[in-house]
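I have placed the structure first, in the form of structure tokens, so that the comments after it can refer back to it.
Since the model is a prediction, treat every value here as computed from it, not as a measurement. To find a chain, count down the sequence lines: A is the first, B the second, and so on, and within it residues start at 1.
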Protein chains: 2
Amino acid sequence: MSGEHRHAEPDKLTKNQALVFHALEGSEKPLGAYDLLDALRGDGLRSPLQIYRALDKLIGMGLVHRLESLNAFVLCIHCGEEVRPDNAAFTICTACGRVTELNDSSLARLLAQLAEATGFALEQSTVELRGLCAACQAA
Amino acid sequence: MSGEHRHAEPDKLTKNQALVFHALEGSEKPLGAYDLLDALRGDGLRSPLQIYRALDKLIGMGLVHRLESLNAFVLCIHCGEEVRPDNAAFTICTACGRVTELNDSSLARLLAQLAEATGFALEQSTVELRGLCAACQAA
DNA sequence: GAGACATAGGTGATGTTATTACATTCGTCA
DNA sequence: TGACGAATGTAATAACATCACCTATGTCTC
């Protein structure tokens with residue numbers, strides 16, 4: 001798989017990118033593109049495309065992850081760091097909706113190995129685990 | 001994570017389920033719900049809901065998998081077997097669109113372990129690997 | 001067979017997510 | 001200043017998915 005994301009600080013974001021970034025930052029749960037749009041109408045954003053463009057850039061910088069199974073987006077937990085790993089996996093609680101990012105190097109290795117075994121050139125992986133978080137099992 | 005899918009033979013499918021099943025069977029690549037609808041209009045299917053309902057059942061039986069990152073569907077490679085594993089992972093070639101199902105028990109174990117380590121009760125996992133298949137790397 | 005129940009199907013409308021096309025503005029650098 | 005690439009603004013539309021409501025079919029029991 002490819003390397004890590006380097007040196008794309010939250011500083012030098014454009015206006016729209018910063019708006020989307022901070023909206024995600026303020027949310028416990030993943031947000032959909034249209035959730036973000038609704039949240040940012042007061043800041044002058046009017047069209048889905050504005051959101052999607054900002055998200056694309058943020059994802060490209062490794063600051064945001066897309067959750068394929070939710071069609072939603074979360075901040076990378078490493079977004080304040082210089083170098084961000086690109087091997088994220090996620091747990092998604094089907095009860096409370098909270099998402100946790102895991103970065104496990106043995107998982108990354110195993111996926112790389114599985115791909116290699118079939119001659120597949122791995123570029124990107126999506127790992128999303130559904131179930132109940134500890135808190136929701138207790139409840 | 002949960003067990004396997006048992007004894008849901010392609011025999012006892014309803015008419016719509018069988019139509020969708022055979023349409024997927026005849027396709028090299030994953031098909032979207034609306035692809036299926038277009039393919040099956042000649043057989044009397046007219047609405048997306050008919051497709052989605054059939055897909056839901058087929059997925060429930062373990063005969064079909066949904067690819068979250070493509071919003072598309074493929075047959076399970078074990079669909080002719082008595083017992084189907086529920087630990088599928090997929091490679092998705094970004095060049096030719098072909099999808100390959102992998103069933104690796106060490107991956108399943110590792111995911112279970114990762115989940116357990118954080119107290120997460122794993123119910124279902126989505127693993128989708130993007131890159132180039134062997135054929136497309138050669139080309 | 002009649003009644004009750006569960007599962008499946010048919011249809012139209014609607015909701016949600018994502019992209020296309022095209023024009024404009026901004027930032028940087030020669 | 002002028003040129004270029006990146007970012008933005010806007011409307012329209014495409015692609016994916018579900019809701020609400022009603023009808024049909026199969027099965028089990030009496």
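- Here D:dA15 presents its P atom at 15 Å from CG of B:Leu36, a figure rounded to the nearest Å.
- The distance from atom CG of A:Leu58 to atom P of D:dA6 is 17 Å, rounded to the nearest whole Å.
- For B:Lys57, a side-chain nitrogen or oxygen approaches OP1 or OP2 of C:dA8 to under 4.0 Å.
- Between B:Asn71 atom CG and D:dA14 atom C1' there is a gap of 13 Å when expressed in whole angstrom units.
- For the pair A:Leu55 CG and C:dT17 P, the interatomic distance rounds to 13 Å; values are reported in whole Å.
- Of the listed nucleotides (C:dT17, D:dA17, C:dT11), C:dT11 has the atom at the smallest distance from the side chain of B:Gln50.
- Contact annotation: A:Asn16 does not reach the phosphate of D:dA7 (side-chain N/O to OP1 or OP2, under 4.0 Å).
- Residue A:Ser47 has no polar side-chain atom (N or O) positioned under 4.0 Å from OP1 or OP2 of D:dA11.
- Taken over five-pair windows at either terminus, the axes of the helix from C:dG1-D:dC30 to C:dA30-D:dT1 are inclined to one another by 20° (rounded to 10 degrees).
- For the pair B:Leu19 CG and C:dG9 C1', the computed distance is 12 Å after rounding to whole Å.
- With the nearest nucleotide of DNA chain C identified for both A:Gly32 and B:Gln17, B:Gln17 has the one nearer the 5' end.
- When distances are taken from the side chain of A:Tyr52 to each of D:dA7, D:dA17, C:dT17, the shortest belongs to C:dT17.
- Map A:Gly44 and B:Phe73 each onto its nearest nucleotide of DNA chain D; the residue landing nearer the 5' end is A:Gly44.
- You'll find that the side chain of B:Lys15 is closest to C:dG10, out of C:dG10, D:dT18, D:dA7.
- Under 4.0 angstrom from either OP1 or OP2 of C:dG9 there lies at least one side-chain N or O belonging to B:Thr14.
- The separation between B:Leu37 atom CG and D:dA14 atom P is 16 Å, rounded to whole Å.
- The side-chain heavy atoms of A:Leu24 and A:Leu63, taken from C-beta on, include no pair separated by under 4.5 Å.
- Between B:Phe73 and B:His65, the distance separating the two ring centers is not shorter than 6.0 angstrom.
- Although no hydrogens or angles enter the test, the distance criterion places a donor-acceptor pair under 3.5 Å between the side chain of A:Lys29 and the main chain of A:Cys96.
- In the set D:dC19, C:dT19, C:dA18, the nucleotide with an atom closest to the side chain of A:Arg66 is C:dA18.
- A side-chain donor-acceptor contact under 3.5 Å links B:Arg130 and B:Ser69.
- Counting non-hydrogen atoms under 4.0 angstrom, B:Arg53 reaches a base of the nucleic acid.
- Regarding contacts with the backbone of C:dG10, every side-chain N or O of B:Arg46 stays at 4.0 angstrom or more from both OP1 and OP2.
- Proximity of a side-chain donor or acceptor of A:Arg84 to a complementary backbone N or O of A:Met61 within less than 3.5 Å is detected.
- Residues B:Glu116 and B:Gln113 have side chains not in contact (no heavy-atom distance under 4.5 Å, counting atoms from C-beta outward).
- Separating the CG atom of A:Asp56 from the P atom of D:dA7 is a distance of 11 Å, rounded to the nearest angstrom.
- Comparing B:Ala33 and A:Leu49 by the nucleotide of DNA chain D that holds the closest heavy atom to each, the one mapping nearer the 5' end is A:Leu49.
- The separation between A:Leu70 atom CG and C:dT17 atom P is 10 Å, rounded to whole Å.
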Derivation of the side-chain contact (heavy atoms from CB on, under 4.5 Å) call for A:Ser125 and B:Glu128: CA-CA 6 Å; A:Ser125 63; B:Glu128 299 178 15; over 6 Å; no
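- Donor-acceptor pairing under 3.5 Å, judged by distance alone, is present between the side chain of A:Tyr34 and the base of C:dA18.
- No side-chain donor-acceptor contact under 3.5 Å links B:Gln50 to the backbone of B:Leu45.
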